[in-house]
Amino acid sequence: MSRRDREEVPDRQIHDGGRVDPIGMPPVGPEGGGPPDLASLRERHSRAQRHRRPTEDEELLNHPRPEAPSPIAPEQGRFTHTDPWRVLRIQGEFVMGFNALAEVGAAVAVFGSARIAEGHPWYEAARELGRRLAATGFAVITGGGPGIMEAANRGASEADGLSIGCNIELPFEQQGNPYANLAVNFRYFFVRKTMFVKYTEGFVIFPGGFGTLDELFEALTLVQTRKISRFPIVLYGSNYWRGMLDWIESTMLAEGLISPEDLNLLIVTDSLDEICQTLVDCYNHRCWDTWKRSEGARLDADPPGAPLSAPDPRKADAE
């Protein structure tokens, strides 16, 4: 091909003696020459569409269709059970919880068994505590279910206080009690636990089962390891808790697995007046004096921040 011939076909490239178009498509037209026929154009367009990257809007708005018309297609929802999708759901649950509780001021979390019925002494004590906390100016936060949770919410509601229930989805569905005037429902335990810790000034633990113990020991661990600021953890019902405390002292403490100062974090009482006074003192004075009523003080542990305990990293409560 002469130079002039090359200039007459500027949008063609020479390759191995044949012609291809600038985007690398094969020759068009019969035997690579002449105008392209309709079938060739359709084939080129089809290949270009297959290799084109869809836009983000298309990815979002396109919806896969069932092979045959069907109003329900469960197989198309499988992606919502994948871990990446769960991460988004968890993120959304945190946002929902933070939004719902954002304007909560001073609050106290009350925990205890869901199996305690109205008329039981523990139920009536939790109900009275809810009333007193509301009268003192605290909101009451519970797990939102029946039993002790219902009683504390009921007392707060009867005293025209802010009564909050953070309910959880369980295999045997837990119905939220009717006494929470702010109810928030959660799928994930760890998201719900975050709300209890973030929005409360103290924990009051009534007798309960594994779930109650879970909340108790998680709070102790978070304060002991200084993941959260120190706040009061009060056990109501000395007879119920005495066996556990005896084991902690005779086994865990005796083996050196905890320090006596760690027990400064626990106050055990049968007095609702003492619970309220402890919570108010801690709120106003950051628990400086309340350790004197703790299990640690009974064992002659060093007070929080004492020079004897502060340099010792084993005494995690020394602040």
Side-chain angles (χ1 to χ4, degrees), residues 11 13 15 18-32 34-104 114 141-146 149-150 153 164-199 210-211 214-215 218:
D11 58 344
Q13 297 175 350
H15 180 67
R19 289 179 297 166
V20 295
D21 66 17
I23 62 172
M25 300 296 289
V28 296
E31 299 182 356
D37 57 40
L38 185 58
S40 298
L41 287 174
R42 284 175 174 168
E43 175 62 21
R44 290 183 67 197
H45 178 73
S46 175
R47 276 181 291 179
Q49 286 296 102
R50 286 199 300 269
H51 294 290
R52 182 180 68 82
R53 183 180 180 277
T55 66
E56 294 296 331
D57 280 340
E58 286 178 289
E59 294 279 14
L60 174 65
L61 298 174
N62 284 344
H63 178 68
R65 298 188 301 171
E67 291 185 6
S70 173
I72 301 294
E75 68 279 1
Q76 295 187 179
R78 287 176 186 155
F79 73 96
T80 64
H81 301 289
T82 62
D83 284 344
W85 189 260
R86 286 192 184 95
V87 170
L88 293 175
R89 188 179 293 152
I90 290 165
Q91 180 181 10
E93 190 156 293
F94 272 114
V95 172
M96 178 272 296
F98 291 152
N99 278 346
L101 302 175
E103 296 184 5
V104 172
I141 300 180
T142 79
M149 297 173 281
E150 174 187 295
N153 282 138
I164 303 168
C166 294
N167 200 20
I168 186 73
E169 176 186 272
L170 296 173
F172 301 98
E173 186 176 358
Q174 174 178 298
Q175 294 293 329
N177 71 68
Y179 300 105
N181 46 45
L182 173 56
V184 190
N185 294 311
F186 294 92
R187 285 192 176 109
Y188 298 98
F189 265 115
F190 57 88
V191 179
R192 178 184 184 233
K193 288 178 179 179
T194 300
M195 304 303 152
F196 287 138
V197 173
K198 182 175 177 63
Y199 291 102
F210 288 158
D214 178 46
E215 299 292 353
E218 182 165 59

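Just so it is clear, the values below take in all heavy atoms, side chains as well, and ignore hydrogens, waters and symmetry mates. Here the structure is a predicted model, which means the values were calculated and not measured.
Not counting sequence neighbours, the partners of Phe94 by the ring pair (Phe, Tyr, Trp, His ring centres under 6.0 Å) test are Phe98. Under the salt bridge (Lys or Arg N to Asp or Glu O under 4.0 Å) criterion, Asp83 pairs with Arg86, not counting sequence neighbours. Under the salt bridge (Lys or Arg N to Asp or Glu O under 4.0 Å) criterion, Glu103 pairs with no residue at all, not counting sequence neighbours. Take Ile72 and apply the side-chain contact (heavy atoms from CB on, under 4.5 Å) test, not counting sequence neighbours, and it matches Pro74. Taking Tyr199 as the reference, nothing meets the ring pair (Phe, Tyr, Trp, His ring centres under 6.0 Å) condition, with sequence neighbours excluded.
Identified under the side-chain hydrogen bond (donor to acceptor under 3.5 Å, both in side chains) test for residues 64-81, with sequence neighbours left out: His63-Gln76.
Looking at Lys193 and Asp214, their side chains come closer than 4.5 Å, going by heavy atoms from C-beta outward. Taking 4.5 Å as the limit, every side-chain heavy atom of Glu150 sits out of range of all side-chain heavy atoms of Asn153.
Of all heavy-atom pairs spanning Ala114 and Met149, the tightest one is CB-CE, 3.7 Å. Residues Gly176 and Asn167 share a closest heavy-atom pair of N-ND2, 3.5 Å.
Met96 CE to Leu101 CG: the interatomic distance, rounded to the nearest 0.5 Å, is 9.0 Å. For the atom pair Ile164 CD1 and Met195 CE, the distance stands at 12.0 Å (nearest 0.5 Å).
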Would you give me the side-chain donor-acceptor pairs under 3.5 Å for residues 178-190, sequence neighbours excluded?
| unit_1 | atom_1 | unit_2 | atom_2 | d |
| --- | --- | --- | --- | --- |
| Asn181 | OD1 | Ser163 | N | 2.9 |
| Asn181 | ND2 | Gly161 | O | 3.1 |

